[in-house]
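Below, chains carry the letters A, B, ... as their sequence lines are ordered, and counting in each starts from 1. Being a predicted model, the structure only gives us computed values, none of them experimental.
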Amino acid sequence: MSRNDEIAALFRGFAELLELTGANRFRVIAHEKVARAIEGLADDVATLAGTKGKLEEIEGIGEGSAARIREYLASGSIADLEALRAKVPPGLPELLQLQGLGPKTVKLLWEEAGVVDVTGLKAAIAAGKLAGIKGLGERKIAQISEAIALAERHVGRIRIDAATSLAESLVAFLRGLPGAVRAEFAGSTRRGRETAGDIDCLVSVAEPAEAAPLARRVESWPAIAKVLAAGDTKVSVLTADGVQADVRIVPDSAFGAALLYFTGSKEHNVVLRERAQASGRRLNEYGLFPDDGKPAPQDRGVAPIAARTEEEIYAALGLPWLPPEVREDRGETTHPVPRLVELADLKAELHAHTTASDGFLSIEELAEAAKARGFHTIAVTDHSRSSVQANGLSRERLLEHVEAVREAARKVKGITILAGSEVDILADGRLDYDDETLARLDLVVASPHTALRQSPEDATARLLRAIAHPAVRILGHPTGRITLGREGLSPDVRALVEAARTHDVALEINAHPARLDLRDVHVRAAIDGGALISINCDTHAREDLANARYGVLTARRGWATADRIVNCWSAERLHAWIRRKKQP
DNA sequence: GCCGTTTTCGGCCCGACTGTTTTCAGTCG
C-alpha cells in the first residue's frame, strides 16, 4: 500500500470508530474528508508533511489532522486513534459493512447483545438473543440475516470494463420498457473511474404518475438475483454476479437535474449545492429552485429555474458544462477546464505485441487492425528477452523481427509500421538490451515487469534511470499496478514527471482496464508538470484496441488535452518526435 | 474537525426507502 493509501485508510478507520462511539457526525465527516483528500493527492503525503504549512493548504485538512499525519509519520501511530481503538472491539467496524447496518444499530447490538463481530452476530441471531431489544423488530432481524448472506455473495468493487458493459446492458433494458422516455447510466462509471462499487442508472417517464408502474417493470430485469429495495421512484437490486445496481425513475422534465445528481461525485454535488445556496437557491435531483426556506420545492409546485439538461443547470450556477470525468472536486469549479482529449483524437498505437512474443496477431494483421481504426501509425513492440513468461525476444530474434517488420511496412499501404520493442526495465534501472541493439529500433517503450515490490526510493531511482536513457521515448505502465489486484511500484511521481519533461519522454497511460497505469491522479500531475502522455492499448489481440476508450477516460480524469498526448499528433509531428535524438 | 468578500463561532447538502413507529429514526447514495 502506498503511504497515501495507508494514511487515507487510517483516517477512514478513525471516522468509523468515531461513528461507533457516537461522536459528532460532522467530526466523522471531517475525518472521511481528510481520507478522500489524501487519496486524491499525486504527491507523497510524507513529502508534503516535510514542508511547513503544505498539508494545511489542502482543502479539508486543518491543523489537527495535519498534526496527526505528522505524528503518524514520525512515530508510526496516532495516540488519539489508539485510545479510540482501545475502547472499541476490533470486529465492530466490519459490521458496518453489512447492508442496512449503520453505527446506531451496531452500537445497539454491541451494548444490548454483546455482539462484537459478524460471527457473534450470526450466533446471537441463531440463539434468539436479539428478540426483544427495543428498536429491533422481527423484520429488522430478518434483514440483518439477509445482509450477512448477501455480504458473502457480494463481489465488492468491479473493474470499469465490467461495470460499463453491465451498465450498458441495463440501459438497453430500461430503454425497451413501455413508458420509458430516456435512460442513461450515471455514477462513477459515467465519470470513468477505474473501478465501480455499484451501477447507477436513471430512466425517465413523461408524467410523475407513470414512475411507480415503471418501477415495477424494472424489477423484471433478467440479471436480477435479488431486489434489495423497491419504491415508486427507486429500485435497488443485486445481480446474479453479485453487483448492486440502483435505478432511479424521474420525470423527463427533470432528467438533467437527475443525471447531474446521480453522476456525482458526491463531493462535486456538495460544491454545486453550496454554490446554489450562496445565491439563494436550492439544488436537488429535481432541479435548481429558488430557496424559500422550505424543503422539497418540487412537491409544492415550485417551478424550477433549471432542470431539463445539465447544461442549463451549470449555466444557471455560472459554470460551463463540466465533463463527468472531472467532477471530483479537484478544482473544476474554480479553474477553467480545457477541451479534453476525445477517443476520436487518437491516431496511433505505440505499444503492441505480435505472435513473435505473446500476442495473437501477425505484424500484418496488427497493422490492418490499427488501420481499420483510422490510425496513421502502429508500433510493433514485442517483449524483450527477460520477459521469459511472455516469450521475450533474444537479441538475435529481435533483429530478425525488425527485418520482418520492415518487410511488412513495405507491403502494407496506408499506415506507418514502426519497429520497436517493449524493453524491460531491470530492477536497477538498466535496460534489457545493450545500447547498440536499442539503436537499431525506431521506438523504445521501457516498462517495469518484475521487482514490483521494491521500495518507493528504489522504484524512483530505477524509473529515473530508464527515463534518462537516450534510447527511451515512452515509459510504459510506469507503476506496474494491476487494478483490484497488485499495488505495484510507488515511485515519486513528481520526480518522474520532472525527469520526463526534461528528457522529452512520454509517460504511458496503459489503456487496458486491468492496468490503467498511469492512474488518473498521476496523469493530472503529469499534465500540471508539463510532461507528455502516451495512451496505448498494449495490444495483444484485435479487440484490445477497443480498450482505448478507458485510456481516454483516465486521461480526461487527469485533465489531459490532445496536444499533450503524442498519439493524437499528426504523423509528421509524431514521427519527428520519435526520430529526434534526446539530449544526453 | 474544518472553515469564513455576511462569520474565529456556529454552522456544516438533500431526498428516498425501510422498519418500527403513532410522527420518526436509521441507513444509503
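- Between B/dG11 and B/dA16, the distance separating the two P atoms is 26 Å to the nearest Å.
- Taking 4.0 Å as the cut-off between side-chain N and carboxylate O, A/Arg494 and A/Asp43 count as a salt-bridged pair.
- Ion pairing between A/Arg191 and A/Glu328 holds under the 4.0 Å rule for side-chain N and carboxylate O.
- Put simply, the residue from A/Glu310, A/Glu332, A/Glu267 that forms a salt bridge (charged side-chain N to carboxylate O under 4.0 Å, His left out) with A/Arg327 is A/Glu310.
- Contacts between residues 218-237 of chain A and DNA chain B, counted as heavy-atom distances below 4.0 Å, involve A/Ala229, A/Ala230, A/Gly231, A/Asp232, A/Thr233, A/Lys234.
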Query raised in the report: When you check every protein heavy atom under 4.0 Å of nucleotides 5-11 of chain B, what one-letter string (B, S, -) results, 5' to 3'?
Result: -------
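- A salt bridge (Lys or Arg N to Asp or Glu O under 4.0 Å) check over residues 91-116 of chain A, counting only residues at least two apart or in different chains, returns the pairs A/Lys107-A/Glu111.
- Side-chain contact check for A/Ser279 and A/Arg281: at least one donor-acceptor pair (N or O, by modelled atom type) lies under 3.5 Å.
- The stretch residues 26-36 of chain A touches DNA chain B through A/Phe26, A/Arg27, A/Ala30, A/His31, each having a heavy atom within less than 4.0 Å of the strand.
- Listed in residue order, the members of residues 161-173 of chain A having a heavy atom less than 4.0 Å from DNA chain B come to none.
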Requested in this report: For each nucleotide in nucleotides 20-25 of chain B, reading 5' to 3', give B when a protein heavy atom comes within less than 4.0 Å of its base, S when such contact involves only the sugar-phosphate, and - otherwise.
Outcome: SS----
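- The main-chain N or O of A/Phe255 is never found under 3.5 Å from a side-chain atom of A/Arg308 such that the two would form a donor-acceptor pair.
- The residue A/Leu101 sits close only to the backbone: its heavy atoms come under 4.0 Å of sugar-phosphate atoms, none of a base.
- When heavy atoms are screened at a 4.0 angstrom cut-off, A/Gln244 is found touching the sugar-phosphate backbone but no base atom.
- Comparing B/dG1, B/dC14, B/dG29 by their closest approach to the side chain of A/Ser65 singles out B/dG1.
- Side-chain atoms of A/Ser204 come within 3.5 Å of backbone N or O of A/Arg182 as a donor-acceptor pair.
- When the P atom is used for both B/dT21 and B/dA25, the distance is 13 Å, rounded to whole Å.
- Taking atom P in both B/dG15 and B/dG10, the straight-line distance is 26 Å, to the nearest Å.
- Near DNA chain B, meaning a heavy atom under 4.0 Å from it, residues 109-128 of chain A has no residue at all.
- Across the protein-nucleic acid pair, A/Gln298 atom CD and B/dC14 atom P stand 11 Å apart, rounded to whole Å.
- The nucleotide B/dT18 finds its pairing partner in B/dA25, both defining distances of the Watson-Crick or G-U wobble pair being shorter than 3.5 Å.
- For residues 114-136 of chain A, the salt bridge (Lys or Arg N to Asp or Glu O under 4.0 Å) pairs, not counting sequence neighbours, are A/Lys122-A/Glu152.
- Considering only residues two or more places apart in sequence or on other chains, A/Glu210 meets the side-chain contact (heavy atoms from CB on, under 4.5 Å) condition with A/Val205, A/Ala206, A/Glu207.
- Within 4.0 Å (heavy atoms only), A/Phe262 reaches no atom of the nucleic acid at all.
- A salt bridge (Lys or Arg N to Asp or Glu O under 4.0 Å) check over residues 218-237 of chain A, counting only residues at least two apart or in different chains, returns the pairs A/Glu146-A/Lys226, A/Arg216-A/Glu219, A/Arg216-A/Asp232.
- For A/Gln99, taking side-chain heavy atoms from C-beta onward, the closest of the listed nucleotides B/dG1, B/dC28, B/dA16 is B/dC28.
- Partners of A/Phe185 by ring-ring contact (aromatic ring centres under 6.0 Å, His included), not counting sequence neighbours: none found.
- For A/Tyr286 and B/dA16, the shortest distance from a side-chain N or O to OP1 or OP2 is below 4.0 Å.
- Identified under the side-chain hydrogen bond (donor to acceptor under 3.5 Å, both in side chains) test for residues 7-27 of chain A, with sequence neighbours left out: A/Arg12-A/Glu39, A/Glu16-A/Gln97.
- Using a 4.0 Å heavy-atom criterion, one finds that A/Arg68 contacts the sugar-phosphate atoms exclusively.
- With salt bridges taken as basic N to acidic carboxylate O contacts below 4.0 Å, one links A/Arg85 and A/Glu82.
- Contact annotation: A/Arg248 side-chain N/O to B/dG29 OP1/OP2 distance is not under 4.0 Å.
- Residue-level contact check: A/Asn269 touches neither bases nor backbone, having no heavy atom under 4.0 Å from any strand.
- Considering CG of A/Asn269 and CG of A/Leu260, their distance stands at 6.0 Å, rounded to 0.5 Å.
- When the options A/Arg190, A/Arg175, A/Arg248 are evaluated for a salt bridge (charged side-chain N to carboxylate O under 4.0 Å, His left out) with A/Glu184, the one that passes is A/Arg175.
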